[in-house]
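Accompanying notes for the structure given below.
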There are 2 protein chains.
Amino acid sequence: MKEFNPQVSAVEALGALAHDTRLSVFRMLVKAGPEGLIAGAIAQAANVPPSTMSHHLGILERAGLVESERESRLIHYRADYEGMRRLLAFLMQDCCQGVPEMCAELLGELNCNA
Amino acid sequence: MKEFNPQVSAVEALGALAHDTRLSVFRMLVKAGPEGLIAGAIAQAANVPPSTMSHHLGILERAGLVESERESRLIHYRADYEGMRRLLAFLMQDCCQGVPEMCAELLGELNCNA
DNA sequence: CAGATCATTCTATCATGCTCGAAATATCGA
DNA sequence: TCGATATTTCGAGCATGATAGAATGATCTG
């Protein structure tokens, strides 16, 4: 039986993002939106072999940061916004429970200017 | 000459937080506020030897997530809110430049309830 | 200055993670 | 069914990270 430990999930997600190639891929997918990108195109864009990229995408997926869906021979990867939200919420939670003033200030600077 | 690469800094910060002990310590320091905590107390609270904790604190400090200040024999560690803000801003930036609707929704759920 | 306290740095061992070619799997078109 | 395409899984070699005892550095007190 696999328990739900928010901190363990957060460590896994942070570890998934703590890699140059994987962080680039995640950002790429966030920008790509709901349509996502095809595995091969991601590997090509990041300039790494398909097998290496597959490994990285697996790590991001297991961490709950991306989702994949097969469409015939192609596999679409897209960012998992809910996973991202969980991670950010976990990090902010400490802030809110600790020093709300600083937390508020921090959130205030994070506005979308789009 | 050491260049400033936001992505490299982000990877370093994410890597620093991607460890159970270090994430616990960082949360602890965020909750502790500006006064921070003493190195020895942190090691004791996390139940790890001082040398191991010193190693972890060094990683967090080099990543720009905590600051240290000596006060006689004791060394105070406190969370670096500016470093945390930079990391979160970097992660949100992708979101904002990509799909602003999702970004806004995501930020909306991150309100301090304190 | 000597001894005690607090913390870091050193060093060695052990564990985990990254990379990528080769082989395997899945799907399509002829 | 056969060959081509897209992707993953496997396996091995290499690199990096974690851990903690011992030694070192910094500071206070008597």
Side-chain angles (χ1 to χ4, degrees), chain A residues 7-26 28-29 32 35-80, chain B residues 5 7-29 32 35-80:
Chain A
Q7 164 125 351
V8 171
S9 304
V11 167
E12 193 178 1
L14 290 163
L17 293 176
H19 185 281
D20 196 61
T21 300
R22 291 197 296 264
L23 183 54
S24 295
V25 167
F26 181 71
M28 208 185 288
L29 289 174
E35 314 245 327
L37 296 170
I38 288 154
I42 299 173
Q44 200 164 359
N47 203 35
V48 300
S51 67
T52 302
M53 184 51 75
S54 182
H55 173 240
H56 288 314
L57 288 169
I59 289 173
L60 285 167
E61 187 165 31
R62 254 171 277 128
L65 291 166
V66 309
E67 296 170 323
S68 66
E69 192 176 2
R70 173 153 232 149
E71 185 183 328
S72 78
R73 266 179 299 191
L74 311 174
I75 299 187
H76 288 262
Y77 279 91
R78 77 179 82 81
D80 184 336
Chain B
N5 185 329
Q7 164 126 350
V8 171
S9 304
V11 167
E12 193 179 3
L14 290 163
L17 293 176
H19 185 282
D20 195 61
T21 300
R22 291 197 296 263
L23 183 54
S24 295
V25 166
F26 181 72
R27 297 178 67 193
M28 208 185 288
L29 289 174
E35 314 246 326
L37 295 170
I38 288 154
I42 299 172
Q44 199 163 1
N47 204 34
V48 300
S51 68
T52 301
M53 183 51 75
S54 183
H55 173 240
H56 288 314
L57 288 169
I59 289 173
L60 286 167
E61 188 165 29
R62 255 171 276 129
L65 291 166
V66 309
E67 296 170 322
S68 67
E69 192 175 3
R70 173 153 232 149
E71 185 184 328
S72 79
R73 267 179 297 190
L74 310 175
I75 297 187
H76 289 261
Y77 279 90
R78 77 179 82 80
D80 183 335

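Lettering follows sequence order; numbering is per chain, from 1.
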Looking across every strand, which nucleic acid part, if any, lies under 4.0 Å from B/Ile38 by heavy atom: base, sugar-phosphate, or nothing? sugar-phosphate
Taking only side-chain N and O atoms of B/Tyr77, does any of them lie within less than 4.0 angstrom of OP1 or OP2 on C/dT8? yes
Measure across B/Ala39 and B/Leu57 and return the closest heavy-atom pair with its distance rounded to 0.1 Å. CB-CD1, 4.4 Å
Does A/His19 reach the side chain of B/Leu14, with side-chain heavy atoms less than 4.5 Å apart? no
Quick one: A/Ile42 CD1 to D/dT8 C1', roughly how many Å, whole number? 14 Å
Quick one: A/Leu60 CG to C/dC18 P, roughly how many Å, whole number? 10 Å
Where do A/Ser68 and A/Ile75 come nearest, in terms of heavy atoms and distance? CB-CG2, 4.0 Å
Rounded to the nearest Å, what distance is computed from the CD1 atom of residue B/Ile75 to the P atom of nucleotide D/dG25? 15 Å
How long is the span from the CD1 atom in A/Ile59 to the CZ atom in A/Arg62, to the nearest 0.5 Å? 6.0 Å
d(CE, A/Met53; C1', D/dT9) in whole Å: 17 Å
Are the side chain of A/Ser24 and the backbone N or O of A/Asp20 linked by a donor-acceptor pair below 3.5 Å? yes
Rounded to whole angstrom units, what separation is found between the CD atom of B/Glu69 and the P atom of D/dT27? 13 Å
Quickly work out the A/Leu74 CG to D/dT5 P distance and round it to whole Å. 13 Å
Could you grab the distance from atom CG of B/Leu65 to atom CZ of B/Arg22, nearest 0.5 Å is fine? 10.0 Å
I need the NE2-P distance between B/His76 and C/dT8, as an integer number of Å. 12 Å
Treat primed atoms plus P, OP1 and OP2 as sugar-phosphate and everything else as base, then score nucleotides 10-23 of chain D 5' to 3': B for base contact with protein heavy atoms under 4.0 Å, S for sugar-phosphate contact only, - for none. --------SBBBB-
If I take atom CG from residue A/Leu37 and atom CG from residue A/Leu74, how far apart are they, to the nearest 0.5 angstrom? 12.0 Å
Do nucleotides 24-30 of chain C as a string where each nucleotide becomes B, S or -: B if the base has a protein heavy atom under 4.0 Å, S if just the sugar-phosphate does, - if no protein is that close. --SBB--
List for me each residue that meets salt bridge (charged side-chain N to carboxylate O under 4.0 Å, His left out) alongside B/Arg78, sequence neighbours excluded, and say none if there are none. B/Glu67, B/Glu69
Heavy-atom distance under 4.5 Å between the side chains of B/Met53 and B/Val25, does that happen here? yes
Please report the distance, rounded to the nearest Å, between CG in B/Leu37 and P in C/dC6. 16 Å
